[in-house]
Amino acid sequence: MTQLIDGKKISQEIKDELKEKVAGMKARGTERCLAVIQVGNDPASAVYVKNKKKACEYIGIRSEAYELAEETTEEELLELIRGLNEREDINGILVQLPLPKQIDEDKILLSIAPEKDVDGFHPVNVGNLSIGRPGYVSCTPAGVIQLLKRSGIEIEGKECVVLGRSNIVGKPMAALLLRENGTVTVCHSRTKNLKEITRRADILVVAIGKPKYVNADYVKEGAVVIDVGIHRMENKKLCGDVDFDSVAPRTSAITPVPGGVGPMTIAMLMHNCVEGIGE
Ligand code: NAP
């Protein structure tokens with residue numbers, strides 16, 4: 001029987017645990033505050049920012065929203081971040097990507113103090129993850145680890161294959177699976193004999209950004225498949241990077257899209273805001 005990994009339920013569990021923790025903090029006179037910066041009017045970004053604010057409200061995290069005009073200069077944004085870095089009442093700073101073209105994204109991400117970088121994108125946090133020191137971890141791959149653990153799926157000693165090597169998903173995913181003592185292989189667009197490698201996986205994490213790319217030929221009988229992809233199809237429905245209907249019957253467990261990895265990203269962002277560095 002295939003286990004459907006329920007990201008909606010698991011993310012709700014995490015948010016409820018955090019809500020309780022924040023209530024305890026408030027009772028002891030401390031609180032958490034997240035600064036969320038959006039530059040311009042990208043409609044998708046506006047939805048993400050709204051959902052982050054809603055999650056903060058639910059958990060009891062104070063959030064400060066900075067909605068800046070499309071023509072904001074790099075220096076103006078850097079100035080705002082410098083101020084937020086210095087404020088003791090702000091625990092987390094999040095800059096919603098993408099940024100308008102006059103602003104250098106790398107420069108902005110580097111300017112956020114690593115101890116407030118709740119997205120886990122700053123090179124200091126990326127470096128800490130790779131050498132096993134405490135630090136913020138990128139939210140989507142951290143969410144995948146929670147999905148596995150809270151579904152009773154053991155990682156230690158397992159053949160783990162990560163399809164995709166982006167900085168925000170594939171690479172930190174590989175580092176986290178390694179930290180959990182998996183045996184990890186990372187595949188990308190230049191990988192030869194892709195199917196042969198993915199068919200070795202006990203745990204296959206797919207993040208290639210191509211709708212329904214991975215079909216049953218890529219998957220070993222009984223594997224666990226985690227689909228990070230998210231795409232809106234012409235009929236307006238969402239699908240992942242995995243062809244769910246053909247792959248699911250071969251798996252022992254699989255995440256659906258929607259309702260799998262998606263809801264975990266915000267839950268882990270909230271986790272980072274509440275717990276700080278050092279899980
Ligand atoms: P990305 O930056 O586009 O990276 C895609 C990766 O897949 C690259 O490493 C690329 O290899 C590799 N790749 C592309 N085509 C391939 C092929 N035919 N065979 C093998 N490897 C291939 O994407 P991303 O940001 O990691 O995102 C991946 C997916 O996850 C997207 O669908 C995105 O929307 C989704 N996503 C979801 C969440 C969430 O919260 N659920 C969060 C982030 C991303 P090269 O490096 O060689 O180019």
Side-chain angles (χ1 to χ4, degrees), residues 5-12 14-15 36 42-45 47-52 54-55 94-99 105-106 109 118-121 126 129 136-148 160-177 184-201 204-215 217-219 225-234 237-244 247 254-272:
I5 299 175
D6 189 344
K8 236 171 130 178
K9 179 164 155 267
I10 295 172
S11 67
Q12 190 60 46
I14 293 173
K15 285 192 277 188
V36 181
D42 177 49
S45 292
V47 173
Y48 293 136
V49 166
K50 194 175 118 216
N51 289 340
K52 286 166 189 173
K54 235 168 83 185
L94 184 149
V95 178
Q96 187 64 48
L97 301 178
L99 291 168
E105 259 175 34
D106 282 345
L109 295 181
V118 282
D119 260 335
F121 293 163
V126 174
L129 172 62
Y136 286 116
V137 175
S138 179
C139 300
T140 302
V144 171
I145 297 292
Q146 286 301 313
L147 283 180
L148 292 169
C160 304
V161 175
V162 180
L163 192 39
R165 59 172 167 180
S166 70
N167 289 340
I168 60 164
V169 186
K171 283 180 195 149
M173 189 71 253
L176 284 172
L177 290 165
V184 183
T185 307
V186 181
C187 301
H188 45 80
S189 66
R190 316 286 172 88
T191 298
K192 297 205 168 72
N193 306 322
L194 186 61
K195 285 183 193 168
E196 266 174 39
I197 299 169
T198 57
R199 271 203 298 256
R200 291 206 306 255
L204 175 62
V205 181
V206 185
I208 67 170
K210 292 198 155 67
K212 299 188 182 185
Y213 189 87
V214 168
N215 60 34
D217 294 346
Y218 288 77
V219 179
V225 174
I226 305 290
D227 187 354
V228 180
I230 184 147
H231 310 275
R232 193 163 295 278
M233 295 183 290
E234 271 176 14
K237 283 192 174 168
L238 294 176
C239 77
D241 290 345
V242 174
D243 179 19
F244 184 89
V247 170
I254 186 166
T255 55
V257 177
V261 175
M264 295 302 291
T265 301
I266 287 195
M268 296 316 290
L269 173 70
M270 297 297 112
H271 164 96
N272 284 351

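Both ligands and their constituent atoms are indexed starting at 1 by order of listing.
Counting heavy atoms of neighbouring residues, nucleotides and ligands inside a 6.0 Å radius, atom NZ of Lys171 exceeds 12 of them. The local environment of CZ in Phe244 is crowded, with over 12 non-hydrogen atoms from other residues, nucleotides or ligands closer than 6.0 Å.
Taking every heavy atom of Ser166 and a limit of under 4.0 angstrom, the matching atoms of ligand 1 come to 2 (O), 4 (O), 9 (O), 24 (P), 25 (O), 26 (O). Near Gly229, meaning under 4.0 Å from one of its heavy atoms, ligand 1 places the atoms 29 (C), 30 (O), 32 (O), 35 (C). The ligand atoms of ligand 1 that sit less than 4.0 angstrom from a heavy atom of Gly164 are 6 (C), 7 (O), 9 (O). The distance from ligand 1 to the heavy atoms of Gly262 drops below 4.0 Å at these ligand atoms: 41 (N). The Val169 neighbourhood of ligand 1 comprises atoms 26 (O), 43 (C), 44 (C), with distances under 4.0 Å to a heavy atom of that residue. For ligand 1, the atoms lying closer than 4.0 Å to a non-hydrogen atom of Tyr213 are 18 (N). Interface atoms of ligand 1 facing Leu194, defined by a heavy-atom separation under 4.0 Å, are 19 (N), 20 (C).
With a 4.0 Å heavy-atom cut-off, ligand 1 is reached by the side chain of Thr265 but not by its N, CA, C or O. The part of His231 lying near ligand 1 is the side chain, judged by heavy-atom distances below 4.0 Å. Both the backbone and the side chain of Ile208 come within contact range of ligand 1, each with a heavy atom under 4.0 Å. Residue-level proximity to ligand 1 for Thr140 is carried by the side chain, the only part with a heavy atom below 4.0 angstrom.
Glu196 contributes atom CD, which lies 12.5 Å from atom CG of Asp217 (distance to the nearest 0.5 angstrom). Separation of atoms CG (Leu148) and CD1 (Ile10) is listed at 9.0 Å; rounding is to 0.5 Å. Taking OG from Ser11 and CD1 from Ile266, the interatomic distance works out to 9.0 Å, rounded to the nearest 0.5 Å. To the nearest 0.5 Å, the span separating CZ on Phe121 from CG on Asn167 amounts to 9.0 Å. Distance check, rounded to the nearest 0.5 Å: CD1 of Ile226 to OG1 of Thr255 gives 5.0 Å. Thr140 OG1 to Met173 CE: the interatomic distance, rounded to the nearest 0.5 Å, is 10.0 Å.
Looking at atom 35 (C) of ligand 1, its nearest protein heavy atom turns out to be Val228 O, 3.4 Å. Scanning the protein for heavy atoms near atom 31 (C) of ligand 1, the closest one is Gly209 CA, 3.5 Å. The nearest protein atom to atom 21 (N) of ligand 1, hydrogens excluded, is given as His188 C, 3.1 Å; this is a heavy-atom distance. Here the heavy atom of the protein found nearest to atom 33 (C) of ligand 1 is Ile230 N, 4.4 Å. At the shortest separation from atom 10 (C) of ligand 1 among protein heavy atoms lies Ser189 N, 4.3 Å. Atom 8 (C) of ligand 1 has as its closest protein heavy atom Arg165 N, 3.9 Å.
Considering both main-chain and side-chain atoms, Arg190 never comes within under 3.5 Å of ligand 1 through any nitrogen or oxygen pair.
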Apply side chain to side chain contact (heavy atoms under 4.5 Å, CB included) to the pair Val228 and Val205, showing each step before the final yes or no.
CA-CA 7 Å; Val228 180; Val205 181; 3.8 Å; yes
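Under a 3.5 Å cut-off, the side chain of Glu105 and the backbone N or O of Leu99 do form a donor-acceptor pair. Side-chain atoms of Ser166 come within 3.5 Å of backbone atoms of Val169 as a donor-acceptor pair (strictly under, hydrogens ignored). Listed for the Asn215 side chain is no donor-acceptor partner under 3.5 Å among the backbone atoms of Asp243.
For the pair Asp119 and Leu269, the minimum side-chain heavy-atom distance is below 4.5 Å.
Checking Met264, Lys210, Met268 against atom 14 (C) of ligand 1, the nearest heavy atom belongs to Lys210.
Using a 4.0 angstrom heavy-atom cutoff, Cys187 does not count as in contact with ligand 1. Ligand 1 is never approached by Thr191 to a heavy-atom distance shorter than 4.0 Å.
Within a 4.0 Å radius of atom 48 (O) of ligand 1, the protein has at least one heavy atom.
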